[in-house]
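Heavy atoms only: backbone and side chains are in, while hydrogens, waters and symmetry mates are out. A quick note: this is a predicted structure, and the numbers were derived from the prediction, not measured.
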Amino acid sequence: MLSLHSNSKQSYRLHGKLHGHSGAIVRLQATDDGKYLASGGTDGTKAWDLHSMREIPGPTWLETHGATTAMVWVKREDNMTLALVYGTQNSQLVCWQGFKRGVWPLIKSAEITGLAFDASSNRLAVCHRGGVIQLWTVEDSMALKFVWSQEFKNYVPRAVAFSQLEGDERSVLVFPLYGGYIHTLKANKGTVADSPWHISTNIGDVAVNAQKGLVCVDEPSSGANLYALSKPHVRATFPVNTTPGKKRRLRQVALDKDCTTIVSGSDHGVVHVFDRRSQLVEKLRVDAHEWVQTVTVSCVNGARA
């Protein structure tokens, strides 16, 4: 079940619930315009119309693909057609557009952990647990064309993102699951930059707004940390309490388009909605005690949701 909360006059109310998944939901991704939502989990990927609050015909799930573990909406600047790219537990990279569907295998089979799309270059970045990061071009037909691959030894990527514009290209940022170096890969050949960031904590999830130059990182033991892309130190911390005795779990974090709101799940049935400037928090009760792993932010019918 998915719960949708919308903002009205600085307070949130329950807008509706979406039913259809039969297993755990691992990822959520809304389109920027708030029209559609993709949800992925142990029973595959579903797509939803957020205006009608109905499921729309989505990609067919194949058991051999495993759970859906990463997803991103894709729209080329020269083609208004919307597509959904998602990755699976069994290393399948799938591009779904209406009734068309393509599947691309990755180097070294492993669970796909992160996806990112840059509309200015029509490029898609992918990372998986085998330490491999790949860059693909999304062609006009929505087919994927391989560009380069980079592999790190003894390194588990948790997420990828595109950096701020450098000249006419954006580099690829690679965030590690277990803390350590955040690498920058050059866009043309995937070469590694000389000065990586370093984060000492585990990383549960990452949300990046390259236009605003901000990175939000879920730190499973304490909450969400906000960084500037230009200065790799913590600018602000947004605390999320953990339940004593419970195993620490990863939480998805989200930034709204203007980076005024930061959203995080929790291990005790509450979604935390922070105002970035005042650091005031509104707590949305979703369940009495369950783990809220997946969150996303968009604007639905003119209201933040």
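- Remark: C95 SG to E139 CD distance equals 11.0 Å, nearest 0.5 Å.
- Side chains of N225 and T237: a donor on one and an acceptor on the other come within 3.5 Å.
- A continuous path of hydrophobic side-chain contacts links L124 to I112 [ILVMFWY only; heavy atoms under 4.5 Å].
- Between Q293 and I25, every side-chain heavy-atom pair lies at or beyond the 4.5 Å cut-off.
- R158 places a side-chain N or O within donor-acceptor distance of the main-chain N or O of G204, the cut-off being under 3.5 Å.
- There is a path of hydrophobic side-chain contacts, each under 4.5 Å, that joins V74 to L144.
- Minimum heavy-atom separation, K283 to V270: CB-CG1, 3.6 Å.
- Side-chain atoms of V26 and T68, non-hydrogen and from C-beta on, never get closer than 4.5 Å to each other.
- Remark: the backbone N or O of S91 is not paired with any side-chain donor or acceptor of S109 at under 3.5 angstrom.
- One distance of note links CG of D205 with CD of Q252; it measures 5.0 Å at 0.5 Å rounding.
- Taken together through direct or relayed side-chain contacts under 4.5 Å among Ile, Leu, Val, Met, Phe, Trp and Tyr, V126 and V172 form parts of separate hydrophobic clusters.
- In terms of the side chain to side chain donor-acceptor pair (under 3.5 Å) criterion, D32 has no residue partners (sequence neighbours excluded).
- Counting heavy atoms from C-beta on, the side chains of R76 and D140 come closer than 4.5 Å.
- Side chain of D118 to backbone of F162: no donor-acceptor contact under 3.5 angstrom is found.
- In this structure, R123 contributes its side chain and V147 its backbone to no donor-acceptor pair below 3.5 Å.
- Looking at residues two or more places apart in sequence or on another chain, you find a ring-ring contact (aromatic ring centres under 6.0 Å, His included) between Y181 and H198.
- Note on M142 and F117: same hydrophobic cluster, where clusters join Ile, Leu, Val, Met, Phe, Trp and Tyr whose side-chain heavy atoms are under 4.5 Å apart, directly or indirectly.
- When atom types are taken as modelled, the side chain of T31 and the backbone of Y36 share a donor-acceptor pair closer than 3.5 angstrom.
- Within the 4.5 Å cutoff, the side chain of L177 has no heavy atoms near those of the I203 side chain.
- Contact between K186 and A193 at its shortest, heavy atoms only, is CE-CB, 4.4 Å.
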Quick one, L173 with L229, criterion side-chain contact (heavy atoms from CB on, under 4.5 Å). Give me CA distance, side-chain angles, the key distance, then yes/no. CA-CA 10 Å; L173 303 174; L229 282 172; 3.4 Å; yes

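- Here the closest heavy-atom approach between residue G265 and residue H272 is recorded as O-ND1, 4.1 Å.
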Pair M53-L18, side-chain contact (heavy atoms from CB on, under 4.5 Å): steps then yes or no: CA-CA 7 Å; M53 297 295 289; L18 304 172; 3.6 Å; yes

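- Looking at V240 and F274, their side chains come closer than 4.5 Å, going by heavy atoms from C-beta outward.
- Ring geometry, F146 versus W136: the interplanar angle exceeds 60°, so the pair is classed perpendicular (tilted spans 30 to 60°).
- Judged purely by atom type and a 3.5 angstrom limit, R129 has no side-chain atom pairing as donor or acceptor with the backbone of V156.
- Distance check: H65 NE2 to Y86 OH gives 7.0 Å after rounding to the nearest 0.5 Å.
- Among residues two or more places apart in sequence or in another chain, the side chain to side chain contact (heavy atoms under 4.5 Å, CB included) test is passed with Q150 by W148, F152, L185, V192.
- Counting only heavy atoms from C-beta outward, the side chains of Y227 and I199 approach each other to under 4.5 Å.
- Remark: side-chain polar atoms of T261 are not paired, donor with acceptor, to backbone N or O of D256 under 3.5 angstrom.
- Scored by the side chain to side chain contact (heavy atoms under 4.5 Å, CB included) test, Q279 finds A236, F238 as partners (sequence neighbours excluded).
- Between atom CZ of residue R285 and atom NE2 of residue H268 there is a gap of 6.5 Å, rounded to the nearest 0.5 Å.
- Within the model, atoms OG1 of T296 and CD of Q29 stand 5.0 Å from one another, a figure rounded to the nearest 0.5 Å.
- A pairwise comparison of heavy atoms in N90 and G66 identifies ND2-N, 3.4 Å as the closest pair.
- In this structure the side chain of T45 never reaches within 4.5 angstrom of the side chain of V94, judged on heavy atoms.
- Distance check, rounded to the nearest 0.5 Å: OH of Y155 to CD1 of I133 gives 7.0 Å.
- Taking the side chain to side chain contact (heavy atoms under 4.5 Å, CB included) definition, one finds that S222 meets it with E219, sequence neighbours left out.
- Remark: side-chain polar atoms of S264 are not paired, donor with acceptor, to backbone N or O of A224 under 3.5 angstrom.
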Determine all donor-acceptor pairs shorter than 3.5 Å in which one atom belongs to a side chain in residues 211-218; sequence neighbours excluded.
unit_1	atom_1	unit_2	atom_2	d
D218	OD1	R251	NE	3.0
D218	OD1	R251	NH2	2.7
D218	OD2	R251	N	3.0

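- By the rule that hydrophobic residues join a cluster once side-chain heavy atoms approach within less than 4.5 Å of another member, V138 and L115 end up as members of one cluster.
- When every heavy atom of V72 is checked against every heavy atom of L84, the shortest pair comes out as O-CD1, 3.6 Å.
- Side-chain contact check for R276 versus T260: every heavy-atom pair is 4.5 Å or farther apart.
- For the residue pair V132 and S149, the shortest heavy atom distance occurs at CG1-OG, 3.5 Å.
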